[in-house]
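Have a look at the structure below, then the notes.
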Amino acid sequence: MDEADLAADEAERLADAAQQLHHRAPDGDPLRSAVLLPYSGEQAASVRRTLRALIPRMGVPTLYGGDSRGPNIRWRDDDRCLLLDSGEGGRAESALRLTSHATAELEERERVIFGRGVGDREGQARAYADLPVLWQLREVGAATASPLPPCVAPGWERLEESLRSLMLAWVTQLPAQAPEGSAAFDLVNHADGDRPLTFLYAPDEGLVVMVDDEDAPLDDAAHEKSMAVRGWHDRAIPVAQWWVSSFGADASGAAATARLAVAELRARGARHPSDLGVVDVTCTDATGEEIGRLTLPGLGLNG
């Protein structure tokens with residue numbers, strides 16, 4: 001993977017184009033004035049190079065984030081939003097894309113999409129992967145838009161789909177946008193005394209799921225067999241009786257993580273995704289310090 005920076009003159013031209021685009025008066029369809037950034041190789045490497053070229057001129061993005069296709073990174077104020085995302089739809093070559101939007105119009109369009117939800121009814125997104133953004137990370141204290149309304153999963157199949165899409169977005173996008181960053185959250189099962197199911201992505205660990213099993217009887221062969229059947233690998237902390245499973249940072253790992261989570265929640269008495277809650281959403285650096293405020297609009301639950 002080529003991690004070399006853009007040549008100085010190329011980086012300067014890109015920064016000039018981004019700055020001009022950001023301050024351009026709105027002229028209808030933002031795609032008509034889009035700046036396309038073709039690349040070869042891995043998308044993450046191109047994102048890193050592009051950010052290294054833009055941040056000295058544009059500053060640190062207001063919002064990092066991503067959708068199912070790639071980055072969704074924003075330099076935003078109350079009037080304008082410069083958006084760096086994937087320009088690959090319908091193109092023969094891979095490309096990132098810079099577009100400039102009226103902030104209020106862009107964010108209102110997204111609120112409408114999330115408000116309609118995911119499903120088969122007219123006007124709904126057909127899948128969680130079709131939502132305009134799955135995760136966002138902003139600096140602590142940075143002003144930004146009000147949170148997007150939750151796109152609540154109507155059933156278990158949709159919840160598994162949302163978890164799979166979110167996990168895959170994390171493993172493919174966080175390394176480029178928050179180098180050495182780790183992301184985590186807990187799902188709490190209200191049908192099981194708010195038992196936490198913990199999700200973690202870390203660069204050196206991949207995807208990890210853990211569940212508190214401290215109320216289970218010790219040395220119960222039938223219980224241990226049922227945990228293994230659901231997909232659990234080992235006890236992470238034998239004294240506290242937490243179980244853990246680790247998966248690769250790829251599409252199959254994301255699918256396995258989502259599948260295990262839904263099986264565990266249902267086995268513990270949850271009847272519907274509405275029995276669940278989301279707590280302790282964090283994104284931290286290698287020292288454990290919080291990088292920013294992480295939100296998960298693409299997770300199919302009320303936060």
Side-chain angles (χ1 to χ4, degrees), residues 11 13-37 39 43-44 46-91 95-116 125 128-151 166 169 173-174 176-178 283 291-299 303:
R13 287 195 299 272
L14 174 57
D16 286 344
Q19 195 167 42
Q20 292 167 12
L21 187 63
H22 188 43
H23 295 295
R24 181 179 297 167
D27 57 356
D29 183 0
L31 296 183
R32 285 207 300 265
S33 55
V35 175
L36 288 172
L37 310 170
Y39 65 89
Q43 186 188 74
S46 181
V47 171
R48 282 189 283 266
R49 287 193 294 269
T50 301
L51 288 173
R52 287 196 291 263
L54 292 182
I55 286 175
R57 181 79 64 85
M58 304 299 299
V60 174
T62 316
L63 283 166
Y64 291 97
D67 58 31
S68 67
R69 293 163 296 279
N72 188 293
I73 300 171
R74 306 179 186 209
W75 288 263
R76 174 200 180 278
D77 58 31
D78 289 341
D79 296 321
R80 305 295 300 164
C81 179
L82 182 69
L83 173 63
L84 174 65
D85 66 359
S86 170
E88 295 179 15
R91 292 178 56 83
L96 299 178
R97 176 178 63 189
L98 280 168
T99 50
S100 183
H101 304 257
T103 301
E105 292 178 9
L106 173 63
E107 292 172 356
E108 179 57 24
R109 285 197 301 272
E110 292 174 339
R111 277 190 285 270
V112 168
I113 292 169
F114 274 85
R116 289 174 177 166
Y128 280 88
D130 296 328
L131 292 173
V133 62
L134 298 175
W135 65 277
Q136 291 184 314
L137 176 67
R138 68 172 172 86
E139 286 187 291
V140 176
T144 189
S146 57
L148 291 162
C151 202
L166 177 62
Q173 297 161 19
L174 271 172
Q177 299 186 43
C283 187
I291 295 173
R293 183 170 184 269
L294 178 64
T295 58
L296 308 174
L299 179 59

Taking all heavy atoms of [X] and all of [Y], pick out the closest pair and write down the distance.
X	Y	value
Val47	Pro71	CG2-CG, 3.8 Å
Pro132	Asp67	O-CB, 3.5 Å
Ala15	Leu54	CA-CD2, 3.9 Å
Ala95	Tyr39	N-CE2, 3.5 Å
Ala11	Ala53	CB-CB, 3.9 Å
Leu106	Cys81	CD2-SG, 3.8 Å

Identify, with sequence neighbours excluded, every residue that meets side chain to side chain donor-acceptor pair (under 3.5 Å) alongside [X].
X	result
Arg57	Glu12, Asp16, Gln19
Gln173	Trp135
Glu110	Arg74

Item checked: Main-chain N/O of Arg69 paired with Gln43 side-chain donor or acceptor, under 3.5 Å ->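 Checking the backbone N and O of Arg69 against the side chain of Gln43, a donor-acceptor pair under 3.5 Å is found.
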Note to self: Is it the case that the side chain of Tyr128 and the backbone of Leu166 share a donor-acceptor pair, with hydrogens and angles ignored and the cut-off at 3.5 Å?
What the structure shows: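 No.
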side-chain contact (heavy atoms from CB on, under 4.5 Å) partners of [X], counting only residues at least two apart:
X	value
Ala125	Val118, Asp130, Leu131
Thr295	Gln136, Arg293, Pro297
Ser68	Ala129, Leu134

About how many Å separate [atom2] of [Y] and [atom1] of [X], when rounded to the nearest 0.5 Å?
X	Y	atom1	atom2	answer
Leu63	Arg138	CG	CZ	8.0 Å
Gln177	Leu137	CD	CG	8.5 Å
Arg76	Leu83	CZ	CG	12.5 Å
His101	Arg109	NE2	CZ	6.5 Å

Below 4.5 Å, heavy atoms only, C-beta onward: do [X] and [Y] meet side chain to side chain?
X	Y	result
Leu82	Met58	yes
Asp78	Arg80	no
Thr50	Leu98	no

Notebook entry, point to check: Of Leu37, Val35, Thr99, Asn72, which meets side chain to side chain contact (heavy atoms under 4.5 Å, CB included) against Leu84?
Noted result: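 Exactly one option meets the side chain to side chain contact (heavy atoms under 4.5 Å, CB included) with Leu84, and it is Leu37.
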